[in-house]
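Written below as structure tokens is the structure these notes are about.
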Protein chains: 2
Amino acid sequence: MDQAAHPEPEAPAPGSLLLQDQLCFALYAASRAVTACYRPLLDELGLTYPQYLVMLALWEQDGLSVRELGGALQLESSTLSPLLKRLEAAGLVRRERRPDDERSVTVRLTGSGTALRERARAVPPVIGDAMGLTPEQDATAKQLLRLLTTNVATEQPADAGRHG
Amino acid sequence: MDQAAHPEPEAPAPGSLLLQDQLCFALYAASRAVTACYRPLLDELGLTYPQYLVMLALWEQDGLSVRELGGALQLESSTLSPLLKRLEAAGLVRRERRPDDERSVTVRLTGSGTALRERARAVPPVIGDAMGLTPEQDATAKQLLRLLTTNVATEQPADAGRHG
DNA sequence: CGCAACTAAGTTGTGCACGATCTAATCGCG
DNA sequence: CGCGATTAGATCGTGCACAACTTAGTTGCG
């Protein structure tokens, strides 16, 4: 469990400006390191990391709209639109206007998009191994990250009147 | 402690392709959410988030080379070079070739770069409040993220025959 | 019906992030 | 000394990420 051998959790000052005291930096560095770890695996699938996340969402539920994908991944349409264009150019998805609401665009997997899922099954085990966390550490990390995400997203922008 | 009221830590299959089971997605979403949380504060300082991290490193130790900054932040020169140019254009740092090794570039704070530190002291408390983690949760998160970063960075890129 | 308000995508501009490549300075070794 | 190898930065191309804006379709209300 304690493979870092850090029985003493150093107590940073609450207002420290030291880089190593910042949770934000640990988060930022970890996120890029993990993405870099995915890169060689995803290269073989012809996907970038955000494209992989979009594919995960579609493999879970096909036919989502751009808006729904944005909700699931917390990404703006200005990020998703070009990304989806590239996935469409790669032949993995098709975009179609919804007949009952022409504003909305449904994203559907093509045959090769669906087929890619089987090759993608090899990815999570390799990553899980590289991450080297125990199941408990993995679960704790996910819990804390979700809590953090919820908290900062809930926060109202710099207004003292937090009404919940 | 249990402010998320999640007494049941769902046990994901080790090879799951569900988006919500992926630690990588929790990490990616949290990283962007935290960055977004910094944005309005850093806007007032005229900094982007990566620029803020560079400034933290320089406030901690002025006169680092581009290489040393890259080591501290785990960023390539192709990321830092343009970023430092923008900081120089903003009048916060100066870049000078090292006399004893003309290949190396030393980055030094200007007066206004140094002065900005005082205004930056207001940032961490606001962020800490927005994150809403207990000191224990904060420490645990940092520990796990560092462990994760170390693990995935240590991992060799899956090729047995590296002739580097 | 007519039209303003709203909504879903897409476009544009700025700034990372990184691999690949380039240039220039330095070092190593005979 | 000469020249290949190494090293530090910088440049270029691709792909996010997001704010601000535009376009097009839909809805609500008199």
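Note: hydrogens, waters and symmetry copies are ignored here, and every other heavy atom, side chains too, is used. As the structure is a prediction and not an experimental result, all values here were calculated from the model. Note on naming: letters A, B, ... go to the chains in the order of the sequence lines (proteins, then strands), and numbering restarts at 1 for each one.
Each of A:Arg95, A:Arg108, A:Arg94 was compared with A:Glu88 under the salt bridge (Lys or Arg N to Asp or Glu O under 4.0 Å) criterion, and only A:Arg95 meets it.
Among residues two or more places apart in sequence or in another chain, the ring pair (Phe, Tyr, Trp, His ring centres under 6.0 Å) test is passed with B:Phe25 by none. By the side chain to side chain contact (heavy atoms under 4.5 Å, CB included) test, B:Gln74 pairs with A:Arg32, sequence neighbours left out.
The separation between A:Asp43 atom CG and C:dG19 atom P is 10 Å, rounded to whole Å. In this structure, the CG atom of A:Leu42 is 14 Å from the P atom of C:dG19, given to the nearest Å. A straight line from CG of B:Asp100 to C1' of C:dT26 spans 11 Å, rounded to a whole angstrom. If you take CE of B:Met55 and C1' of C:dC16, they are 17 Å apart, rounded to a whole angstrom. Atom CZ of A:Arg97 is separated from atom C1' of C:dT7 by 12 Å (rounded to the nearest Å).
Below 30°, between 30° and 60°, or above 60°: for A:Tyr49 and A:Tyr38 the angle between ring planes is between 30° and 60°, a tilted geometry. By the 30° and 60° cut-offs, the orientation of the rings of B:Tyr52 relative to B:Trp59 is perpendicular.
A salt bridge links B:Lys142 and B:Asp138; the closest N-O separation between the charged side-chain nitrogens and carboxylate oxygens is under 4.0 Å.
Sorted by residue number, the members of residues 60-76 of chain B with any non-hydrogen atom under 4.0 Å from DNA chain D read B:Ser65, B:Val66, B:Arg67. Near DNA chain C, defined here as any heavy-atom distance below 4.0 Å, the residues from residues 77-94 of chain A are A:Ser77, A:Ser78, A:Ser81, A:Lys85, listed numerically.
Residue B:Arg98 is out of contact with every strand shown, counting any heavy-atom pair closer than 4.0 Å.
Between B:Leu47 and B:Leu92 there is a side-chain heavy-atom pair separated by less than 4.5 Å. Residues B:Val54 and B:Val93 fail the side-chain proximity criterion, which asks for heavy atoms closer than 4.5 Å.
Not one N or O on the side chain of A:Gln20 forms a donor-acceptor pair closer than 3.5 Å with the backbone of A:Ala26. In terms of modelled atom types and a separation under 3.5 Å, the side chain of A:Gln61 and the main chain of A:Ala57 share no donor-acceptor contact.
Of the residues near DNA chain D, A:Asp101 and B:Thr106, the one whose nearest nucleotide (by heavy atom distance) lies more toward the 5' end is B:Thr106. Heavy-atom distances to DNA chain C give each of B:Glu102 and A:Arg95 a nearest nucleotide, and the one nearer the 5′ end belongs to A:Arg95.
Residue pairs meeting the salt bridge (Lys or Arg N to Asp or Glu O under 4.0 Å) criterion with at least one partner in residues 65-79 of chain A, sequence neighbours excluded, are absent.
Of all nucleotides in DNA chain D having an atom under 4.0 Å from a heavy atom of chain B, the first and last in 5' to 3' order are D:dT7 to D:dC18.
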